[in-house]
Amino acid sequence: MTHRDIALLLAEAADEAEIGIAPTQAVLRGGRRRRARRWAVATATALVIAGSSGALAVAGLPGGDGGGSREVAVAPSVSADLLKPRSTALAVGRDEGKNWSVMLELWAPPQNEKEARAQLAAMEEFGMRPDGVERASELIGRTTYFVGRAVEGAYGEIEQGAFGGKPAVVLSETAVPLEPDTDGPARLVVGRLAKYDAGVICTWQDGTTTDLRRNKHGSDGTAITSVEGSPADWFVCLAPEDTAYESVGHIVPPLPRGAQKP
């Protein structure tokens with residue numbers, strides 16, 4: 001065997017090997033694949049419910065412990081509720097023949113260092129790693145959340161963060177392409193609104209609007225959802241084809257005379 005033959009064999013072997021991937025990165029990547037599968041099951045379930053009842057049932061869908069997710073070992077004296085997220089579908093629908101969903105995943109707040117370490121390890125098993133968190137102790141007393149969307153099995157994160165103590169409601173919105181990993185227009189808008197808001201109005205670049213009110217699902221799957229454990233409620237708007245996000249306005253009902261805003 002010549003030196004050239006050996007070099008070709010080594011090159012061929014290298015093509016089949018993954019070199020230099022840290023164990024944490026490999027675990028996160030595997031977790032993300034399982035999340036995408038879990039979310040695909042949740043989306044299909046919601047669409048079946050919508051087809052049979054005429055209304056989208058978007059809360060409490062499977063996702064925290066089903067759909068093929070890996071079981072996480074429970075540390076002694078650590079509640080199992082801390083070691084898996086509570087998943088809620090904020091909206092589900094179909095666009096251009098493709099099923100899509102927006103999911104919120106909440107992690108209950110750990111109360112001590114042991115619980116925080118166990119939770120951080122569990123997050124990584126689920127393909128999640130909070131941005132800016134260097135030590136597990138930073139999770140203590142905080143409800144961590146991840147928001148993402150899935151389209152036909154492709155998963156993409158939209159927003160993540162944490163609520164701690166009794167935070168003031170921070171109103172926000174994030175606009176992204178509907179399909180993950182694309183450069184399409186920012187048609188999908190996900191945000192938070194105060195519990196006293198009556199709804200939101202999403203304005204699009206072509207001048208049209210979507211008026212989204214409580215207790216009323218849009219025909220395209222958009223919705224406002226209250227989620228246990230979240231101090232704010234959540235909304236999802238989807239722009240029509242060929243346009244994109246411009247702005248969001250909050251609809252605040254008039255207060256009775258002398259009353260103060262909550």
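Because the structure is a prediction, the values reported are computed rather than measured.
- Ile201 is not connected to Leu238 by any chain of hydrophobic side-chain contacts under 4.5 Å among Ile, Leu, Val, Met, Phe, Trp and Tyr, and they are in different clusters.
- Atom CG of Leu212 sits about 11.5 Å away from atom CG of Asp197, to the nearest 0.5 Å.
- Shown here are the side chain to side chain donor-acceptor pair (under 3.5 Å) partners of Arg214, two or more places apart in sequence or in another chain: Asp233.
- Remark: side-chain polar atoms of Arg94 are paired, donor with acceptor, to backbone N or O of Gly97 under 3.5 angstrom.
- For the side chain to side chain donor-acceptor pair (under 3.5 Å) test, residues two or more places apart in sequence or in another chain that qualify with Ser230 are Trp234.
- Contacts of Trp204 classified as ring pair (Phe, Tyr, Trp, His ring centres under 6.0 Å), with partners at least two apart in sequence or in another chain: none.
- The distance from atom CG of Leu104 to atom CD of Gln160, rounded to the nearest 0.5 Å, is 12.5 Å.
- Between Val248 and Thr203, every side-chain heavy-atom pair lies at or beyond the 4.5 Å cut-off.
- Listed by first and then second residue, the side-chain hydrogen bond (donor to acceptor under 3.5 Å, both in side chains) pairs that reach into residues 235-249 are Glu173-Tyr245, sequence neighbours excluded.
- For Ala108, the side-chain contact (heavy atoms from CB on, under 4.5 Å) partners are Leu82, not counting sequence neighbours.
- Side chain of Glu125 to backbone of Ala121: no donor-acceptor contact under 3.5 angstrom is found.
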Practice task
Please test Met128 against Thr144 for side chain to side chain contact (heavy atoms under 4.5 Å, CB included), starting from the C-alpha separation and ending with a verdict.
Solution key: CA-CA 11 Å; Met128 307 176 190; Thr144 306; over 6 Å; no
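- Every residue was checked against the side chain to side chain donor-acceptor pair (under 3.5 Å) condition with Asn112, not counting sequence neighbours, and none meets it.
- When all heavy atoms are compared, the tightest approach of Gly184 to Pro177 is O-CG, 3.3 Å.
- Asp95 pairs by the salt bridge (charged side-chain N to carboxylate O under 4.0 Å, His left out) definition with Arg187, not counting sequence neighbours.
- Minimum interatomic distance between Ile140 and Ala116 (heavy atoms only, all atoms of both residues): CG1-CB, 3.9 Å.
- For the atom pair CD1 of Ile158 and CG of Leu90, the computed distance is 8.5 Å after rounding to the nearest 0.5 Å.
- Residues Gly132 and Glu138 approach most closely at O-OE1, 3.4 Å, considering heavy atoms.
- In this structure the side chain of Val236 never reaches within 4.5 angstrom of the side chain of Val189, judged on heavy atoms.
- Asp211 is linked by a salt bridge (charged side-chain N to carboxylate O under 4.0 Å, His left out) to Arg213, counting only residues two or more places apart in sequence or in another chain.
- Contact check for Thr88 versus Met103: no side-chain heavy atoms found under the 4.5 Å cut-off.
- Residues that satisfy the salt bridge (charged side-chain N to carboxylate O under 4.0 Å, His left out) test with Glu179, not counting sequence neighbours, are Lys98.
- Under the side-chain contact (heavy atoms from CB on, under 4.5 Å) criterion, Gln111 pairs with Pro109, Glu115, sequence neighbours left out.
- Inter-residue side-chain proximity for Arg142 and Phe163 is flagged as unmet; no heavy-atom pair is nearer than 4.5 Å.
- Between the side chains of Tyr145 and Arg192, at least one donor N or O lies within less than 3.5 Å of an accepting N or O.
- Counting heavy atoms from C-beta outward, Leu178 and Glu96 have side chains that stay 4.5 Å or more apart.
- Here the shortest heavy-atom pairing between Cys202 and Phe235 reads SG-CE1, 4.3 Å.
- Between Arg86 and Glu105, no side-chain nitrogen of the basic residue sits less than 4.0 Å from a carboxylate oxygen of the acidic one, so the salt-bridge criterion is not met.
- Val133 and Phe146 end up in the same hydrophobic cluster when Ile, Leu, Val, Met, Phe, Trp and Tyr side chains are linked at under 4.5 Å.
- Residues passing the side-chain contact (heavy atoms from CB on, under 4.5 Å) test with Ala198 are Ile251, Pro253, sequence neighbours excluded.
- Note: Lys84 NZ to Leu106 CG = 14.0 Å, rounded to the nearest 0.5 Å.
- Distance check, rounded to the nearest 0.5 Å: CZ of Phe126 to CG of Leu83 gives 8.5 Å.
- Looking only at side-chain heavy atoms (C-beta outward), Trp100 and Arg149 stay at 4.5 Å or farther from each other.
- Qualifying side chain to side chain donor-acceptor pair (under 3.5 Å) partners for Thr209, counting only residues two or more places apart in sequence or in other chains: none.
- In this structure the side chain of Leu120 reaches within 4.5 angstrom of the side chain of Arg129, judged on heavy atoms.
- To the nearest 0.5 angstrom, Glu113 atom CD is 9.5 Å from Arg135 atom CZ.
- For the pair Asp206 (side chain) and Thr208 (backbone), a donor-acceptor distance under 3.5 Å is present.
- Cluster annotation: Val227 and Val102 are assigned to the same hydrophobic cluster (Ile/Leu/Val/Met/Phe/Trp/Tyr, side-chain heavy-atom contacts under 4.5 Å, transitive).
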